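Comments concern the structure below.
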Amino acid sequence: MKQKTEDLIEMITVRLYNIGDAHVVHEMLKEIAEKVQQPASSNRFVRLCKSEQVENDWAIYLQHPTTEKNGKTDLAISLAEMLRNVGLVNHTIWKPFEI
């Protein structure tokens, strides 16, 4: 039986231990975003976000089709693990909800 593919959203947030690591996180997330948004991956959407209120909070938003049961991609899992070296990380899955 073939599983249905649906769009899911992965949110990875990081609160840096040291504000001086912001440039490292920015470059890492920028590189990931550029890789994911190449033409071969046109069915994906990535957005890099920085908190307006908390200077050391960053987030990356990845929307992609998946048939994986837990929805987490290997790319995002690897990114979350790398970010754990510089801050507190939260990696969650969201399902779009139609109003």
Side-chain angles (χ1 to χ4, degrees):
M1 179 182 214
K2 189 175 180 181
Q3 275 188 308
K4 181 183 172 204
T5 300
E6 63 181 327
D7 281 354
L8 295 177
I9 298 167
E10 283 184 88
M11 293 288 289
I12 301 171
T13 58
V14 60
R15 175 163 287 173
L16 302 177
Y17 299 130
N18 178 355
I19 194 65
D21 290 332
H23 69 285
V24 174
V25 172
H26 180 256
E27 288 303 315
M28 186 186 309
L29 297 181
K30 184 177 166 187
E31 184 178 319
I32 295 291
E34 288 170 355
K35 181 185 288 188
V36 170
Q37 292 196 175
Q38 291 176 351
S41 303
S42 60
N43 58 345
R44 293 181 173 186
F45 176 79
V46 176
R47 176 159 286 151
L48 175 60
C49 305
K50 183 178 183 317
S51 174
E52 281 290 314
Q53 288 90 21
V54 183
E55 191 175 352
N56 57 335
D57 279 7
W58 290 82
I60 189 165
Y61 165 109
L62 300 108
Q63 184 170 349
H64 55 86
T66 186
T67 56
E68 297 296 318
K69 189 168 188 165
N70 72 359
K72 293 184 178 181
T73 60
D74 291 341
L75 175 66
I77 291 169
S78 296
L79 177 59
E81 288 302 316
M82 286 188 293
L83 289 172
R84 279 178 175 56
N85 292 323
V86 293
L88 300 172
V89 174
N90 187 24
H91 183 187
T92 56
I93 302 296
W94 296 78
K95 183 176 180 178
F97 186 76
E98 297 292 325
I99 303 176

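No experiment lies behind these values; they were computed from the predicted model shown.
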- Remaining members of the apolar cluster that contains Tyr17, side-chain heavy atoms under 4.5 Å: Leu88
- Item | Shortest non-hydrogen separation from Ile12 to Ala76 and the atoms involved | CD1-O, 3.5 Å
- Who else is in Val54's hydrophobic cluster (ILVMFWY, side-chain heavy atoms under 4.5 Å, direct or via others)? none
- Item | Side-chain touch Val25/Val14, heavy atoms, less than 4.5 angstrom | yes
- Item | Pairs flagged by side chain to side chain donor-acceptor pair (under 3.5 Å) wherever residues 81-94 is involved - sequence neighbours left out | Glu10-His91, Thr92-Trp94
- Nearest heavy-atom contact between Leu16 and Asp21 is CD1-C, 3.9 Å
- Message: So, taking the atom named CG in Leu62 and the one named CZ in Arg47, what distance separates them when rounded to the nearest 0.5 Å?
- Response: 12.0 Å
- Task: Taking atom CG of Asp74 as the centre, report whether more than 12 heavy atoms of other residues, nucleotides or ligands fall under 6.0 Å from it.
- Result: no
- Between the CD1 atom in Ile60 and the CG atom in Leu83, the distance rounded to the nearest 0.5 Å is 8.5 Å
- According to the salt bridge (Lys or Arg N to Asp or Glu O under 4.0 Å) rule, which pairs have a member within residues 48-58, sequence neighbours left out? Arg15-Asp57
- Looking at CD of Gln63 and CG of Leu8, how far apart are the two atoms once the value is rounded to the nearest 0.5 Å? 8.5 Å
